[in-house]
Amino acid sequence: MTTIPTKTDAVDTPPAKARFTKESIKGLIYQFAAVGIVVFIGWYLYDNVSRNLENLGMASGFRFLDIAAGFDISWSIVPYEPGDNYGRVYLVGITNTLIVSAMAIIASTGLGFVIGVSRLSRNWLVSRLASVYVEVVRNTPALIQVLFWFLAVFSILPRPKNGIDVAGLGLLQINNRGIYFPKGLPQEGFGFTLIALALAIGAAVAIGIWARRRRILTGQRFPVVPTVLAVVILVPSLVFLLTGSPLGWEFPVLQGFNLSGGVSFPPALCAVFIALSIYHAAYIGEAVRAGILSVSPGQAEASFSLGLKPNWTMRMIVVPQALRAIVPLLISQWMNTVKGSSLAVAVGFPEITALFLQTSLNQVGYAIEIVAMVMLFYCTVSISISLLLNYYNKRVQLKER
Amino acid sequence: MTQATVTQPESTGQNVSADIVIEMKGVNKWYDTFHALKNIDLKVHRGERIVICGPSGSAKSTLIRCINRLEQYQQGEIFVHGELVEGSAKSVDPSINNVGMVFQQFNLFPHLTVLENCILAPMWVKKLPRHKAEEVAMNFLERVHIPDQALKYPKQLSGGQQQRVAIARSLCMNPDILLFDEPTSALDPEMISEVLDVMTELAATGITMICVTHEMGFARQVADRVVFMDSGEIVEEQPPETFFDHPRMDRTKLFLSQILGH
Amino acid sequence: MSDKETNAPSTDPDGTMIFVPTPSQAPPSETVGPIFWLRQNLFYSFFSSAITLLGIYFLFVTITGLYTWGVAEAVWTAESRRDCLDQSPHGACWAGIRTWFNSIIYGRYPDAEQWRIKLGFGLLVIWLLPIWIERIKARAWIGISAVLIYPYLAGYLFAGGERGVFMQFAFIASVTTLVANWLHVALTLLTGRGLPDWINRVCGLGNSTEKTQRIAFFSTLLLLFVAFYATFAGWEVAQVKTNLWGGLFLTFVIAGIGITFSLPAGILLALARRSELPAIRILAIGFIELVRSVPLISVLFMAVTMVPLFLPQGVELNKLAQAIVGVCLFFAAYMAETVRGGLQIVPIGQTEAAKSLGLNYWKSMYLIVLPQALKVMIPNIVSNFIALFKDTTLVSIIGLYDMLLMLKAIGRNSSWIGLHHEPLVFAAAIYFVICFAMSKYSQYLETVVGEGANQSR
């Protein structure tokens, strides 16, 4: 007996979608055209480049990284001597860029939060001064600000012979060649202090976790911050003293016309650091202000009506919500700071653009390779920061689910 | 507080004692040069349930916001539990007077779960350990009939549910006085009744309630006194039967005809 | 007192009393006025008072210091820096700026030819003026013609020299367009009817089809074109090579070209990025992300070193053109992101509605989606323009003599050696004034556009 086909059999399955509709063909044509144009342009450029390089007698390839660089670099964390190869020059450029950027990011974030909160202050003078700061800094080109700090400030400073010695102990000397600190020279036995420091930090984290559990279970609050500070500062210091203070100091001393020894920050570095910090603090301040304003005032009102004191309201209700709006802007400002470090070109601080894209390129040619390596660096930083941003957004979103 | 049995609340204040918990004397408030509150005199007894109504712009919300210091007044005096109310909620320890508030926009903390919303203040202000605070919170969440939503985030709840959470949250601090600022005005019509039911049940427990609302049914059923305001001053105060059936002022009559007409 | 009783007997028949509202009073004197304001906003706590006093002291020192340096003890006329220092060792030496003022504005453009620059920018103002006059119709077309056609007029005025076929055509076309625009404006202001209307009247085409009217309109333009060709075809000005262009003039040229290129290019890139066609989308994303990762300085360096390598034999681009290419591509990518933000705000229902009305992709974009997106994005677009304007200073690093480099060069001139502060302060002031004005204008635009959007209430 054959089964009677039910009515649903015929109607249930929808008709198969037509593969090649008019729309999709047009789309394919556009795409082929676009890719084709790009490929053609790429081939055309490539052809020109190879011919031009040939005619100019310029070589290509990445073996240039082995060539010795004959110039000196005025400041470097990574050890460098004239005669090191260009690979090392690239490394110096990268580290210098990252260092000055990191310093500027930390300073500008701190200053930016201060400015942002100041703009919302009840004190009229404070909020107006913060507004003036933001308007002036944002409407003046960053290059002019870097030049200002370099030319206007550091040129006024006296020569090393008559340098300023802050506090008179040789701990901080300022002159027109830079800012000088004594350099710490770890001696034998210093390793113990470092180990003690690592253990102290571990203990501090453990204390934090323990205190939080305890509060959750019993409601009692433990003075975490003072305890942690005490542990991290006192314990390694104790170890340090007990092992005989194994730290020598190299003080910068006047030799001839200059100070030598110690750690120095040349005026170019200081100018770039200060200018970048001030410039990006203005933008971060605006982001902070926008973030705090984005939290509806009803939140604070509800919190007050529950009896929460103003600073707890800030900490637990307003700031977490404000951060949601602030952090993406903050992270993009950090990226801008790294890019802004390239202004060092104008004052001669050897970060990657000045050192590699300008000096090295002029010395050794290999334009395409150098350009590619510089772009590789900036793209890597940019991708890392984007990943950071995505990670933060995901974490924040899960919480709101 | 009496047991939370759902009884018909008496409308003539059998729970009302003679204690005066809130007293407002000659209170005047200006926004810049705009005279917002004019010569407000009001006495509220312990356990009394007051409904404040009036056309929009009559400064009803401003009035109750002066009680818990969210607004400041320039002239006159407000006493809560005998203590003078002054300064702003931001600058003075707000937990002195134990006055809770339920807002029109709920104002739940979106980054915390329902349960965390409720236990936050008891843990940080009353220093209760977490498990005790959670007990109290679940108790009140049951009272408002949504214990199963405890681990959800505010955005996942409907408006009516959110407002009930807001009520439970305020109750977790055991306030003597609870202020309601148009609690149902931001709700879709079908959710208004669930919130009003909760408020009606609450009214039976003996807590002092001051409620700014347009819900006249609720006023008639629950209030001990109805206060009618217009343009910043109190026009008339009556028990509900007198207020709705025999208003004394023409202004009141006009308002009632407008609001009850449709 | 809970009920308001009046002395008058009730007049209402149903027994209610007349309610007499209390009149409003002025607030008590201690709560208003300047002293109250000071106490509320500056001296409301010990800490606040301390900071206020500190702030006042800081302001006082700064302002008097700046005034002393910049005005009171400043030198306005001098022969050289030494002369300045002799006159006033601690004052600003503005004399240096004044001496070089012409170069700061025009660069090394020959003095005799500087009238062309003034004429060029004057014509831009004249061209754009009608946009602010409400009565004129077709202001959008006037604006678009300014973007597309004016550059040729200005380009020739600034560069000069012989005109090739294309340039001849473009130059005469732009003159024609300018005159036609103003004919339209004048007719509208004087008679209430614009140019197309008058053409129709004169030719008796009031009732003809739109096609006929359009033909008549364009024929009139053609006539004008021919007339101007006859007049101006032979008119030439001396050539001024671009390496003589400099100063504020050069800054405006670079910024102007950058701004007019970056917005349309940014829109196209943003649309490409949102395209459903994967190849186009990937190309757009790749370009945008690549360009946004690197600083503008490196793009300029790359342009200067690599563009010569990319060009075929015998074709050369001067440094200015290379820099302009770099700036345009760079800011097109940033503008693309801004426009993309605006596009995301427009609800998807708009595109759906447009489709259901039968509009194709480009029409729906042009008529429905883009106007809404751009309105929302005005403040961000203008802040991109401001950033572009500020970043033109970077061309000084590759050796183009924009205003900043001209100012810096003063300090290296033998008579004025060591003059560093005054040029920088002057540069900062000029940029600040221009950028600040632009941002204020953008805030104004926001309110105007906001009003328009809300008018439907």
Side-chain angles (χ1 to χ4, degrees), chain A residues 27-28 30-32 34-35 38 44-45 47-49 51-53 55-56 58 121-126 128-129 135-136 138-145 147-148 151-152 155 335-336 338-343 345-346 352-353 357-358 361 367-368 370-371 374-375 378-383 386, chain C residues 37-38 40-44 47-48 51-52 55-56 58-59 272 275-280 283 289-290 292-298 301-302 305-306 308-313 386 389-394 396-397 404 408 411 418 420-421 424-425 427-429 431-436 438-439:
Chain A
L28 279 174
Y30 280 142
Q31 291 185 74
F32 271 121
V35 172
V38 170
Y44 178 70
L45 292 176
D47 192 48
N48 282 341
V49 168
R51 209 171 310 159
N52 283 329
L53 285 179
N55 290 347
L56 291 168
M58 291 165 69
S121 165
R122 188 179 156 190
N123 186 313
W124 180 87
L125 193 62
V126 168
R128 281 288 158 271
L129 283 178
E135 286 300 316
V136 168
R138 285 202 311 181
N139 286 318
T140 312
L143 179 58
I144 292 184
Q145 296 188 37
L147 287 173
F148 172 77
L151 290 175
S155 62
M335 185 61 214
N336 287 344
V338 175
K339 289 193 285 182
S341 67
S342 60
L343 289 172
V345 168
I352 192 164
T353 310
L357 196 53
Q358 191 183 39
L361 201 151
I368 312 278
I370 288 185
V371 162
V374 170
M375 289 187 76
Y378 281 115
C379 287
T380 311
V381 173
S382 165
I383 292 180
S386 296
Chain C
W37 183 89
L38 283 176
Q40 283 288 95
N41 294 319
L42 287 176
F43 299 102
Y44 51 87
F47 184 64
S48 159
I51 291 208
T52 304
I56 293 180
F58 166 77
L59 271 180
S275 164
E276 288 167 353
L277 309 172
I280 295 186
L283 286 173
E289 291 305 316
L290 195 63
R292 275 165 45 96
S293 311
V294 295
L296 179 57
I297 292 189
S298 55
F301 276 140
M302 292 173 200
T305 50
M306 289 182 40
L309 293 177
F310 282 141
L311 291 176
Q313 295 267 306
I386 295 179
F389 188 75
K390 287 192 299 176
D391 280 350
T392 55
T393 49
L394 294 175
S396 63
I397 296 185
L404 181 62
K408 276 175 66 177
H420 292 306
H421 298 84
L424 272 181
V425 169
Y431 276 103
F432 175 76
V433 164
I434 295 179
C435 296
F436 187 71
M438 281 204 272
S439 69

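Numbered from 1 within each chain, the chains take letters A, B, ... in sequence-line order. On a predicted model such as this, the values are computed, not experimentally measured, just so you know.
- Inter-residue side-chain proximity for C:V294 and A:V374 is flagged as unmet; no heavy-atom pair is nearer than 4.5 Å.
- Just one of A:I370, A:V371, A:V345 meets the side chain to side chain contact (heavy atoms under 4.5 Å, CB included) condition when paired with C:F301; it is A:V345.
- Note: A:N123 leads A:N336, A:D47, A:N123 in heavy-atom pairs under 4.5 Å with chain C.
- Here the side chain of C:K390 pairs no donor or acceptor atom with the backbone of A:L143 at under 3.5 angstrom.
- C:L277 touches chain A through backbone and side chain together, each having a heavy atom under 4.5 Å away.
- Of the atoms belonging to A:V136, heavy atoms from both backbone and side chain fall under 4.5 Å from chain C.
- Taking all atoms of both residues into account, the shortest heavy-atom contact from A:R122 to C:Y44 is CB-OH, 3.4 Å.
- Rounding to the nearest 0.5 Å places CD1 of A:I368 at 11.0 Å from CE of C:M302.
- Nearest heavy-atom pair across A:Y378 and C:S293 is CB-O, 3.5 Å.
- When C:A427, C:P278, C:G55 are compared by the number of non-hydrogen pairs under 4.5 Å with chain A, C:P278 comes out ahead.
- The candidate with the highest count of non-hydrogen atom pairs below 4.5 Å against chain A, out of C:V433, C:I397, C:I434, is C:I397.
- The greatest number of non-hydrogen atom pairs below 4.5 Å with chain A, out of C:T392, C:L404, C:I51, is found for C:L404.
- Contact of A:M375 with chain C is made through backbone and side chain together, with heavy-atom distances under 4.5 Å.
- When heavy atoms are compared at a cutoff of 4.5 Å, C:F389 does not approach chain A at all.
- Remark: the backbone N or O of A:W124 is not paired with any side-chain donor or acceptor of C:N41 at under 3.5 angstrom.
- Contacts of A:S386 with chain C are absent, with no heavy-atom separation under 4.5 Å from either backbone or side chain.
- Closest of all the heavy-atom pairs between A:K339 and C:P295 is O-CB, 3.4 Å.
- Atoms OG1 and CD, from C:T305 and A:Q358 in turn, are 11.0 Å apart once rounded to the nearest 0.5 Å.
- For chain C, the nearby part of A:Y44 is the side chain; its heavy atoms alone come within less than 4.5 Å.
- When atom types are taken as modelled, the side chain of A:R138 and the backbone of C:C435 share no donor-acceptor pair closer than 3.5 angstrom.
- Contact count versus chain C (heavy atoms, under 4.5 Å) is highest, among A:L129, A:T353, A:L147, A:V381, for A:L147.
- Taking CG of A:L343 as the reference point, atom CD1 of C:I297 lies at 4.5 Å (rounded to 0.5 Å).
- Side-chain contact between C:L290 and A:C379 is present, with heavy atoms from C-beta onward closer than 4.5 Å.
- Taking A:L151, A:T140, A:I144 one by one and counting their heavy-atom pairs under 4.5 Å with chain C, the maximum is reached by A:I144.
- Only the side chain of C:S396 comes within less than 4.5 Å of a heavy atom in chain A; its backbone stays farther off.
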